Each structure stands twice: as structure tokens, then as C-alpha cells.
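Every value quoted in this text rests on a predicted model; they were computed, and no experiment measured them. Counting from 1, the numbers follow the sequence of the chain as shown.
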Amino acid sequence: MTKLFISAALGLMIALGAQAAPSDAPPPYAGDVQPSRAQAPKPARQLQPKGAQEGMSIAPTEEDMRAARDRREAGERPPRNNDKRTQIEEVRDANNRVTEYVVTPGTTKIPYKIENRADRPMDTTPGKNPGGTLGTPKFIEFGW
């Protein structure tokens, strides 16, 4: 019985080893695909070409500086950028109960969701939070 078991195991290992060996042949239909030469669409806005005396400098010209000084003296101030604030949104169901919170940090702008489980019974299993009603944050969500 032992000899039969050992010989069967040895035969199985040899068969699996031969099956897992990589093939040097190219995959089927490897050369049939032609690369696409698709052109990107033209931009909607074209920048004015600079004169030869200005070169390729992106620094503001005297005319740009004069216009900025005039606007500043007239009382025009550049708008403040308040987009770095964290936004917290509540998603409600048909009965106006909060079902989840969507938190968007101001620095990364990558939102994540926290499920509100106030209408479900408390989970009292070991390792769980028996007093909390919020779920685990979903930092990564895959969708197709």
C-alpha cells in the first residue's frame, strides 16, 4: 500500500511539473494586432504665439504687470481658494434618515464613505463596537 501511495504521489508530481513548464512559443495571434495611430483631438483654445523678441519665456511682460497693478489699485482682489476644506455630506433615504456619510478631505479630494447603521441591531460579538452605529470607512471602492 505504501509503495502504491509513493509511486502515485511521485507520478502526480512529475505530471504537474511537466504541465507547469513554460512554453517558448509565442502566444497565439501575437503578431496580428496593428498599433492604432489615433490622433488626439485639437485643443479648444489656442494660445497666441509670442513674438521673436519675447522668446519662449513664460514670465509676465511689462504690459501684464501694468494691467495687474491697475486692477489692484481699482480694488480688485484675487479670489481666495477655500477648496482645502474637508466636506462631509449626508446621504438620506426616502424616509429622510441618514444612510451614509461621504467625507471628502480637502487635501486629496478622494472621497470615502461611512455607512450609518443606526436602524440595525447592535453587534455585540467580541471585537466589535457594541455602542457604535457607524460602519467601517470604505476608503477604496471599485466600480465598473
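- Across Glu115 and Glu100, no two heavy atoms sit closer than the pair CA-CB, 4.1 Å.
- At a threshold of 4.5 Å between non-hydrogen side-chain atoms, the residues Arg72 and Arg77 count as touching.
- As a member of the Ile/Leu/Val/Met/Phe/Trp/Tyr network built from side-chain separations under 4.5 Å, Val91 groups with Val102.
- For residues 85-116, the pairs satisfying ring-ring contact (aromatic ring centres under 6.0 Å, His included) are Tyr112-Phe139, with sequence neighbours left out.
- The salt bridge (charged side-chain N to carboxylate O under 4.0 Å, His left out) search around Arg97 returns Asp93, not counting sequence neighbours.
- Scanning all heavy atoms of the two residues, the minimum distance from Val103 to Thr86 falls at CG1-CG2, 3.9 Å.
- For Glu90, the side-chain hydrogen bond (donor to acceptor under 3.5 Å, both in side chains) partners at least two apart in sequence or on another chain are Arg92.
- In this view, Asn95 satisfies the side-chain hydrogen bond (donor to acceptor under 3.5 Å, both in side chains) rule with no residue, not counting sequence neighbours.
- Nearest heavy-atom pair across Pro111 and Lys109 is CD-O, 3.4 Å.
- A search for side chain to side chain contact (heavy atoms under 4.5 Å, CB included) contacts involving Thr108 returns Pro105, Ile110, not counting sequence neighbours.
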